[in-house]
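One structure below.
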Number of protein chains: 2
Amino acid sequence: MRALFHPAKDDIRAEDVLHALADPVRATIFTQIASATCSQICAAFSSVNNKPIPKSSLSQHFRVLREAGLIRSERQGVEMHNTSRFDEIEARFPGLLPAILVAYSTRKDAPAKVTRGRRAGAR
Amino acid sequence: MRALFHPAKDDIRAEDVLHALADPVRATIFTQIASATCSQICAAFSSVNNKPIPKSSLSQHFRVLREAGLIRSERQGVEMHNTSRFDEIEARFPGLLPAILVAYSTRKDAPAKVTRGRRAGAR
DNA sequence: TCAATAGTTCTTAATTCCTGAACTAACGAA
DNA sequence: TTCGTTAGTTCAGGAATTAAGAACTATTGA
């Protein structure tokens, strides 16, 4: 597995952030990513939304978020832990992420909710 | 020529706004659109940037902006006048457009085109 | 070493985007 | 009316991007 690319804070580009978050699936992932793993997000989509997303697609979504500078992905044992780079983005583009997250929060079809830990019916 | 579609204010979607403005060309158009015509934008791109954008491409860009709800296009005689729907978007998604425009204003490379590129590790 | 888990990468198909060419609409002049 | 010009839209194709199943890699535990 190759090293995962993460842009330096000052290399983060507005167009990449907007492109990454222009996809509702990725925006949902990003809002719920307080240290969520790919599998947890995957389970959240299939249980809540009953629209399962293939893990290869999710992996790509994580890559887009990562390469846009929105998240940081670090392997911990067998899983990958993703953390938000909110504060760095906020420092670089003040007010951008809060405004985007508020805009999405007014969607009629709410994004899937992740519940961490053991869930009834998961897996 | 068919009637041009404009979404009602409450039908404007965050993902469409983000998608429309995730393209630096469209973001540039939007920032300069205080009643600009397609030809004026076209001239601006070819003179400033010396990278002319085909009018068919510009027409598509205007359509994306229009159908995302960002601009209103009205024919006036032989030309099409485009006006920003900034206030409506601001009412629907408070703070979103100002944050995006500020984010783009800090770009190192001026608001010109741009190949939206993959960076590291592109296959 | 083998199996299981978690995720990445590969590959091909579907979708979207770009742009030259053709077309349409409005206007002015003859 | 008809012709010419301007301004922009729509069409059609190829290029680029995205989606997702299959194959692969890395880590842990038995």
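Naming: A, B, ... by sequence-line order, numbering from 1 per chain. On a predicted model such as this, the values are computed, not experimentally measured, just so you know. Heavy-atom basis, side chains included; hydrogens, waters and symmetry copies ignored.
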To the nearest Å, give me how far apart [atom1] ([X]) and [atom2] ([N]) are.
{"X": "B:Arg63", "N": "C:dC17", "atom1": "CZ", "atom2": "C1'", "value": "11 Å"}
{"X": "B:Met80", "N": "C:dC27", "atom1": "CE", "atom2": "P", "value": "12 Å"}
{"X": "B:Ile29", "N": "D:dG8", "atom1": "CD1", "atom2": "P", "value": "12 Å"}
{"X": "B:Glu67", "N": "C:dC17", "atom1": "CD", "atom2": "P", "value": "11 Å"}
{"X": "B:Phe5", "N": "D:dT10", "atom1": "CZ", "atom2": "C1'", "value": "18 Å"}
{"X": "A:Leu65", "N": "D:dT18", "atom1": "CG", "atom2": "P", "value": "12 Å"}
{"X": "B:Glu79", "N": "C:dA25", "atom1": "CD", "atom2": "C1'", "value": "13 Å"}
{"X": "A:Glu74", "N": "D:dT27", "atom1": "CD", "atom2": "C1'", "value": "16 Å"}

Does [N] have its OP1 or OP2 closer than 4.0 Å to a side-chain nitrogen or oxygen of [X]?
{"X": "B:Ser57", "N": "C:dT19", "result": "yes"}
{"X": "A:His61", "N": "C:dT8", "result": "no"}
{"X": "A:Ser59", "N": "C:dT8", "result": "yes"}
{"X": "B:His19", "N": "C:dC17", "result": "yes"}

Consider the side chain of [X], meaning its heavy atoms from C-beta on, and name the nucleotide among [options] that approaches it most closely.
{"X": "B:Lys55", "options": "C:dA26, C:dC18, D:dT9", "value": "D:dT9"}
{"X": "A:Pro54", "options": "D:dT27, D:dG21, C:dT9", "value": "D:dG21"}
{"X": "B:Gln60", "options": "D:dC11, D:dT27, C:dC10", "value": "D:dC11"}
{"X": "A:Ser56", "options": "D:dA7, D:dT10, D:dA20", "value": "D:dA20"}

**Prompt:** Salt bridge between B:Glu90 and B:Arg85, side-chain N to carboxylate O under 4.0 Å?
**Reply:**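 Looking at B:Glu90 and B:Arg85, the cut-off is not met.
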
**Message:** List the residues meeting side chain to side chain contact (heavy atoms under 4.5 Å, CB included) with A:Pro94, not counting sequence neighbours, and say none if there are none.
**Reply:**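 None.
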
**Request:** Could you check A:Val78 against A:Ser73 and say which one's nearest nucleotide on DNA chain C is further toward the 5' end?
**Result:**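 Nearest-nucleotide comparison on DNA chain C picks A:Val78.
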
**Asked** Want to settle it: does B:Gln76 or B:Val64 sit nearer the 5' end of DNA chain C, counting the closest nucleotide to each?
**Response**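 First, find each residue's nearest nucleotide; the 5'-ward one identifies B:Val64.
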
**Request:** Answer whether the closest heavy-atom distance between the side chains of B:Asp23 and A:Glu15 falls below 4.5 Å.
**Result:**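 Answer no - side chains too far apart.
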
**Request:** Using heavy atoms to find the nearest nucleotide of DNA chain D for A:Gly77 and A:Arg26 separately, return the residue whose nucleotide is more 5′.
**Result:**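 Closest to the 5' end, via its nearest nucleotide, is A:Arg26.
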
**Item:** Rounded distance [0.5 Å steps], CZ in B:Arg66 versus CZ in B:Arg72
**Value:**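 Here the rounded value is 11.5 Å.
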
**Request:** Would you please test A:Phe62 and A:Ile29 for side chain to side chain contact (heavy atoms under 4.5 Å, CB included) and show each step?
**Result:** CA-CA 8 Å; A:Phe62 275 97; A:Ile29 292 172; 3.9 Å; yes

